[in-house]
Trainee: 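Here it is, the structure, as structure tokens.
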Amino acid sequence: MATLLRKIGLIRLHNRDTEDPKHHHNHRGGGGGGPQSALVPAARQQHCTQVRSRRLMKELQDIARLSDRFISVELVDESLFDWNVKLHQVDKDSVLWQDMKETNTEFILLNLTFPDNFPFSPPFMRVLSPRLENGYVLDGGAICMELLTPRGWSSAYTVEAVMRQFAASLVKGQGRICRKAGKSKKSFSRKEAEATFKSLVKTHEKYGWVTPPVSDG
């Protein structure tokens with residue numbers, strides 16, 4: 001996976017947006033008690049909010065400037081921390097791309113929500129539509145990708161890079177648009193996606209990550 005991300009070309013951002021605030025504050029003032037120690041959590045929270053907002057604003061600007069219109073973003077209820085992302089392109093030699101053409105599917109819609117300590121923790125990402133089969137997309141629209149877990153995440157990963165990895169995983173996992181009667185109309189559920197993702201993370205932490213194969217990075 002790391003190899004694939006290097007091929008994609010992760011965008012490295014300024015140190016202030018990739019340095020964990022826990023480390024930032026641990027270097028100050030030598031620790032211990034005292035009146036100032038009570039202020040540290042509030043200051044840390046304020047710092048996290050500023051970093052998260054600044055980082056996401058930069059990411060939105062970078063995505064808007066993409067020349068290939070690979071993805072586009074709409075804010076959910078005008079919240080900077082809740083995105084609907086349209087994936088407009090996958091490998092044009094893939095069966096998934098053929099499915100998209102045959103079903104007049106212009107994009108794959110995903111939802112990304114960013115936690116308070118983003119970019120030091122990953123966003124929660126799930127597929128909204130269309131209903132997909134395989135491609136490492138699981139119940140509820142949950143996505144089986146190690147880089148979306150705290151263990152696999154790096155603050156240097158950008159939304160664009162994550163989406164390119166997801167597009168590659170969809171094709172590698174032979175993802176298809178579901179066309180089964182009844183099932184294809186059933187909506188993905190956030191609650192089901194969260195439960196599925198929590199379960200798969202627990203399983204992979206116990207047995208290791210074997211999808212995609214380690215040989216693929």
Trainee: Side-chain contact, heavy-atom cut-off 4.5 Å: Leu110 with Leu87?
Mentor: yes

Trainee: Taking only residues two or more places apart in sequence, or in another chain, which ones meet Thr105 in a side-chain hydrogen bond (donor to acceptor under 3.5 Å, both in side chains)?
Mentor: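 side-chain hydrogen bond (donor to acceptor under 3.5 Å, both in side chains) check on Thr105 returns Thr103.
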
Trainee: If we ignore hydrogens and angles and just use 3.5 Å, is the side chain of Asn111 paired with the main-chain N or O of Arg126 as donor and acceptor?
Mentor: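 Flag not set: sc Asn111 to bb Arg126 has no pair under 3.5 Å.
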
Trainee: Is there a donor-acceptor contact under 3.5 Å from the side chain of Thr196 to the main chain of Leu138?
Mentor: no

Trainee: Quick check: do Leu200 and Cys144 have side-chain heavy atoms less than 4.5 Å from each other?
Mentor: yes

Trainee: Phe166: which residues meet the ring-ring contact (aromatic ring centres under 6.0 Å, His included) condition with it, sequence neighbours left out?
Mentor: none

Trainee: Checking Pro150 now: which residues fulfil side chain to side chain contact (heavy atoms under 4.5 Å, CB included) with it, not counting sequence neighbours?
Mentor: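 Side chain to side chain contact (heavy atoms under 4.5 Å, CB included) list for Pro150, sorted by chain: Pro122.
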
Trainee: Between the main-chain N or O of Ser79 and the side-chain N or O of Asp77, is there a donor-acceptor pair closer than 3.5 Å?
Mentor: no

Trainee: Above 12 or not: heavy atoms from other molecules or residues under 6.0 Å from CD of Glu194?
Mentor: yes

Trainee: Which pairs pass salt bridge (charged side-chain N to carboxylate O under 4.0 Å, His left out) with one or both residues in residues 101-115, sequence neighbours excluded?
Mentor: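 As it turns out, the salt bridge (charged side-chain N to carboxylate O under 4.0 Å, His left out) pairs with a partner in residues 101-115, which skip direct neighbours, are Glu102-Arg179.
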
Trainee: Is there a donor-acceptor pair under 3.5 Å between the side chain of Trp153 and the backbone N or O of Pro119?
Mentor: yes

Trainee: Just to verify, which of Phe81, Phe120, Phe124, Trp83 counts as forming a ring pair (Phe, Tyr, Trp, His ring centres under 6.0 Å) with Phe114?
Mentor: Trp83

Trainee: Indicate yes or no for a side-chain donor-acceptor contact from Ser199 to the backbone of Ala195 under 3.5 Å, with no hydrogens or angles considered.
Mentor: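 No.
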
Trainee: More than 12 foreign heavy atoms under 6.0 Å from CD of Gln61: is that the case here?
Mentor: yes

Trainee: Between Arg190 (side chain) and Gly140 (backbone), is there a donor-acceptor pair under 3.5 Å?
Mentor: no

Trainee: List the residues meeting side chain to side chain contact (heavy atoms under 4.5 Å, CB included) with Thr49, not counting sequence neighbours, and say none if there are none.
Mentor: Gln45, Ser53

Trainee: Report, one line per pair, each donor and acceptor closer than 3.5 Å where one atom sits in a side chain of residues 66-76; sequence neighbours left out.
Mentor:
unit_1	atom_1	unit_2	atom_2	d
Asp68	OD1	Phe70	N	3.2
Asp68	OD2	Arg164	NH2	3.0
Ser72	OG	His88	NE2	2.8
Glu74	OE2	Lys86	NZ	3.2

Trainee: Okay, side chain of Glu59, backbone of Val159: is any donor-acceptor separation there less than 3.5 Å?
Mentor: yes

